[in-house]
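Below: the structure, in structure tokens.
We use all heavy atoms of the structure for the numbers below, so side chains are in, but hydrogens, waters and symmetry mates are not. Given the structure is predicted, the values throughout are model-derived calculations rather than measurements.
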Amino acid sequence: MFNAKEIKKEFPILKRSVNGQNLHYLDNGASSQKPIGVIEAVKNCYLNEYSNVHRGLHFLSNLATENFEAVRKKAKKFLGASFEKEIIFTSGSTEGLNLISYSWANENLVEGDEIILTTLEHHANIVPWHFLRDRKNITLSWVNPDEYGNISLSQIKEKITKNTKMVCFTHMSNVFGSILNAREICEFLRSKEIVSVVDGSQAAAHLNIDVRDISCDFYVITGHKIFGPTGTGILYIREDRLREMIPFNGGGSMIKSVTKENVLYNDSPHIFEAGTPNIAEIIGLGAAFDFIESLDQKAVLEYEIKLSDYARQELKKLDWLVRYSFSDPNIAIFSFSVKGKGHPHDIATILDANGVAVRSGHHCAQPLMDFLGVSATCRASFALYNNEEDVDALISSLKKCNRLFN
């Protein structure tokens, strides 16, 4: 049995007050809070175990390297990868997606080739492909979501042409909370020899990820959305794609030897990890993996579905609320505004005065905002430490907000 109130005790910041009110943190889609185990792991690294990794023979360097590389094993298990060399440490999903664009796509796509994107994408899974289009004169094709905020395989199939070489899509929308059937999409793409790039930034915080089962070529996650430190992330690269790629950055660790005339590159994963990494933060990410692995993931998901159903039911009672794709399968994320009154920024400010933290703006998804015909929305996004009290605080604050507008 999953107990969110007990889990909430693991997150020190959630005990504080904001503007004289209990904090109700509903901005998890932007970044999650950190459990004490993650905070202590980072602190302990700097206090007792810090040194640079992969370069020294002394005790602290060996210890730091051992602890750092242990996280790669944890990431391999967390994502269900086959080999540690498929696990690349990054600063987050943004770097991972840019790495794919430069190291694989720039090397393997030519003028006239096509990449399919979805209108659901975060800018991190859009802008790198704009860069590539400008460099290589490739074509970008777009798939719009249905009325439920979802995108099906059949919708993607309709867009595929003989020139389609890649399909890049989010596993879970950061605006709607809709979950795409990544396995079905990727298995079809593999059958057509089309490369798949999956942005798992939101999904990894809520779903059990198995990249072998999904059958994707690339998968990215970001550490700060799964209770880990900022500046951390994982890029999964399926083994047979590694030989098709070039380095993204040049410097230390990514080489075997350097002369005045030549550079001999290191093997994966180190070829993609130039320079000194975020050592303590990656170790903290390992503690985040430990925290997630300590929980019954099935029970957590069942709890989040139940909480999402409760939030959806209560939000739907507010007939003056504009709701964006509040369909039943969507979980954890709800975007809304108040009909004809107040900018989402105003709404978020009023909610904050009541201790309720939500996000307002375009959520780094401007093509989706254009598709919806709005410039911004408010977004309440839930994590495993949220509960019905947080939902009730959101509803109460929205009612106050509506009264102020009237």
Exercise. Does the separation of the ring centres of Tyr236 and Phe218 fall below 6.0 angstrom?
Worked result: no
Can you confirm whether [X] sits close enough to [Y] that some side-chain heavy atom of one is under 4.5 Å from a side-chain heavy atom of the other?
X	Y	answer
Tyr385	Tyr25	yes
Met254	His270	no
Leu189	Ile160	yes
Arg190	Ser215	yes

Just by distance, with hydrogens left out, do [X] and [Y] show a side-chain donor and acceptor under 3.5 Å apart?
X	Y	result
Asp346	Thr349	no
Asn354	Lys400	yes
Asn22	Ser17	no
Asn386	Asn28	yes
Glu273	Ser253	no
His363	Thr377	yes

Below 4.0 angstrom, N of the basic side chain to O of the carboxylate: do [X] and [Y] qualify?
X	Y	answer
Arg312	Asp309	yes
Lys256	Asp267	yes
Lys165	Glu193	no
Lys73	Glu69	no
Glu389	Lys8	no
Asp240	Arg238	yes
Glu86	Lys76	no
Lys74	Asp290	yes

Is the ring pair [X]/[Y] parallel, tilted or perpendicular, if the boundaries are 30 and 60 degrees?
X	Y	answer
His130	Trp142	tilted
His123	His362	tilted
Phe291	Phe11	perpendicular

Exercise. CD1 of Ile151 to CD1 of Ile116: how many Å apart, nearest 0.5 Å?
Worked result: 10.5 Å
Exercise. Ring pair (Phe, Tyr, Trp, His ring centres under 6.0 Å): which pairs involve residues 61-92, sequence neighbours left out?
Worked result: His54-Phe68, Phe68-Phe89, Phe78-Phe289
For this session: Return the set of residues passing side chain to side chain contact (heavy atoms under 4.5 Å, CB included) with Ser375 (not counting sequence neighbours), or none when no residue passes.
Result: His343
For this session: Please identify each residue that fulfils side chain to side chain contact (heavy atoms under 4.5 Å, CB included) with Glu95, with sequence neighbours left out.
Result: Thr90, Ser91, Phe248, Asn249
For this session: Determine, step by step, whether Lys225 and Gln202 satisfy the side chain to side chain contact (heavy atoms under 4.5 Å, CB included) criterion, reporting the C-alpha distance in whole Å, the side-chain angles of both residues, the deciding distance to 0.1 Å, and the verdict.
Result: CA-CA 7 Å; Lys225 295 184 194 293; Gln202 298 293 332; 3.8 Å; yes
